[in-house]
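Beneath this line is the structure, given in structure tokens, with notes to follow.
Any value given below was found using the heavy atoms of this structure, including those in side chains, with hydrogens, waters and symmetry copies removed. Bear in mind the structure is a predicted one, so any value in this text is a computation, not a measurement.
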Amino acid sequence: MRNTLLILLCLISMGTQAQQLLPPEGSFSKDSVYIGELVRYTLVHRHPAAQEVILPDSSHNFAPFELVRQDYFPTITRAGISTDSTVYTLRTFDTSPVQLLELPAIVLQGKDTLQVVSPMQKVVLRQLVKQVDTPLQLRTQTNLAPVEERFDWPILLIWIVTILALVTLIWLIFGQTIKIKYQLYRLRKDHLYFNSRYNSHVDRFVKTGVPTSMEKAVALWKNYLTKLERSAINSFTTKEIVEYYNDDEQVNVALRLCDKAIYGNVTAEPDQETNQALSMLRRFARSRYKTHREITGNARNKQ
């Protein structure tokens, strides 16, 4: 008698639980689809608010469909009944004429889980080619067809634009520094070249005493200062050069001694005065070089 009573209580409990676990409702947004066409499947599950329910996510197997996107909606509870819903965007590449799908809802009950499955829903696969008049001939062996090689102009354009953008960015960030470093490099190179040529003319004058060598040395000195000062010093007279340098005594004495030796034909061989004049011009050129180098370096430090 006791056993019979227990069996009846279990049956009543199971019946009550089964009534509470209603299956979810699923439906497709259309009755038929093409291969690869997107179709939406809506799954709605209503259950008592006290139950905790989980609907399928991307880890679920939607075969014969593939999951493209999943859109959840917030749970709505009214009069003790909660409604969970989600929309699955699917597509199929299966060639079966009819595509079937059922999805479960997982109900959590303590440490146990129960699944309630939605009724089976179907869509019909639309056939683009309904009939083939002649059987398709399949080749068992195929040879590779030669393909004309074409230059990838878009890739070249992308590389050009990328390089130009990179160069522009580098110039915007480091352009002024690069410019100043190049100016310092040119100043040093021009001064070394001037020193080499100037010393060569002076040595030739010291050895031979020919005024032409002194004349070439002075002309080289004027041309160097013309480039250094960015002024037409090589077209100035001695008086104008002295005035340009604010009546510098060193320039005045050196140029007048050189003019005396070149145009006055006073000496036919080097003496102490002419050697001193040429040395004074060399020192003055070095002084102007250092001044311009300091000006350029200060502009770099102000950045």
Side-chain angles (χ1 to χ4, degrees), residues 163-164 166-303:
I163 292 173
L164 289 177
L166 183 61
V167 171
T168 302
L169 180 62
I170 292 175
W171 180 256
L172 290 175
I173 299 175
F174 304 105
Q176 193 64 21
T177 301
I178 294 173
K179 184 178 179 181
I180 291 174
K181 284 188 175 182
Y182 177 74
Q183 290 175 347
L184 292 173
Y185 164 77
R186 290 297 308 176
L187 284 173
R188 183 173 182 275
K189 184 177 180 180
D190 291 343
H191 186 71
L192 291 176
Y193 178 77
F194 161 75
N195 262 341
S196 176
R197 294 285 305 278
Y198 187 83
N199 291 337
S200 176
H201 291 312
V202 172
D203 291 342
R204 189 176 296 112
F205 173 72
V206 171
K207 292 178 181 178
T208 62
V210 178
T212 306
S213 298
M214 176 183 283
E215 185 177 357
K216 290 181 179 180
V218 175
L220 179 65
W221 180 85
K222 292 180 179 180
N223 290 333
Y224 172 68
L225 289 181
T226 296
K227 186 175 182 180
L228 185 65
E229 308 286 3
R230 296 183 179 180
S231 181
I233 294 177
N234 54 1
S235 64
F236 290 175
T237 63
T238 297
K239 182 180 179 180
E240 290 172 339
I241 295 175
V242 173
E243 291 177 354
Y244 181 84
Y245 286 112
N246 300 320
D247 297 326
D248 187 278
E249 184 65 22
Q250 183 177 215
V251 175
N252 185 23
V253 173
L255 288 180
R256 292 190 183 282
L257 288 175
C258 291
D259 288 346
K260 180 179 178 182
I262 295 171
Y263 304 110
N265 198 21
V266 174
T267 179
E269 59 183 16
D271 56 16
Q272 185 177 359
E273 284 188 345
T274 54
N275 289 339
Q276 183 181 3
L278 293 173
S279 297
M280 291 169 65
L281 293 180
R282 183 192 295 111
R283 286 195 299 271
F284 183 79
R286 185 184 302 113
S287 173
R288 294 305 302 165
Y289 160 71
K290 290 182 178 180
T291 299
H292 279 273
R293 188 174 180 84
E294 289 176 0
I295 294 173
T296 306
N298 292 334
R300 176 185 175 184
N301 295 330
K302 290 179 181 179
Q303 292 183 355

Q) Between His191 and Arg286, is a side chain to side chain contact (heavy atoms under 4.5 Å, CB included) present by the stated rule, with each step listed? A) CA-CA 8 Å; His191 186 71; Arg286 185 184 302 113; 4.1 Å; yes
Interatomic distance, [X] atom [atom1] to [Y] atom [atom2] [nearest 0.5 angstrom]:
X      : Y      : atom1 : atom2 : answer
Glu215 : Phe205 : CD    : CZ    : 11.5 Å
Gln276 : Leu281 : CD    : CG    : 11.0 Å
Ser287 : Met280 : OG    : CE    : 12.0 Å

Between [X] and [Y], what is the shortest heavy-atom contact and its length?
X      : Y      : result
Ser231 : Phe236 : OG-CZ, 4.0 Å
Ala217 : His201 : CB-CB, 3.8 Å
Cys258 : Ala277 : SG-CB, 3.9 Å
Val251 : Asp248 : N-OD1, 3.1 Å
Val218 : Leu255 : CG1-CD2, 4.4 Å
Arg204 : Thr208 : O-OG1, 2.6 Å

Under 4.5 Å between any side-chain heavy atoms of [X] and [Y], yes or no?
X      : Y      : result
Leu228 : Asp190 : no
Arg188 : Arg293 : yes
Arg186 : Lys227 : yes
Asn252 : Tyr245 : no

Q. Looking at residues at least two apart in the chain, or sitting in another chain, which of them share a salt bridge (Lys or Arg N to Asp or Glu O under 4.0 Å) with Glu229?
A. Arg288
Q. Picking from Leu257, Leu278, Val206, what satisfies side chain to side chain contact (heavy atoms under 4.5 Å, CB included) with Met214?
A. Leu278
**Q.** Stepwise side chain to side chain donor-acceptor pair (under 3.5 Å) check, Asn199 with Arg282
**A.** CA-CA 9 Å; Asn199 291 337; Arg282 183 192 295 111; 2.9 Å; yes
Any donor-acceptor pair under 3.5 Å from [X] side chain to [Y] backbone:
X      : Y      : result
Tyr289 : Leu192 : no
Thr226 : Asn234 : yes
Ser200 : Ser196 : no

Q) In terms of the angle between their ring planes, are Phe284 and Trp221 parallel, tilted or perpendicular, with boundaries placed at 30° and 60°? A) tilted
Q: Only counting residues at least two apart or in another chain, list the ones meeting side-chain hydrogen bond (donor to acceptor under 3.5 Å, both in side chains) with Arg283.
A: none
Q) Does Asp203 pair with Lys207 as a salt bridge, N-O distance under 4.0 Å? A) no
Q | Neighbour count >12 (heavy atoms, 6.0 Å) for atom NZ, Lys216 | A | no
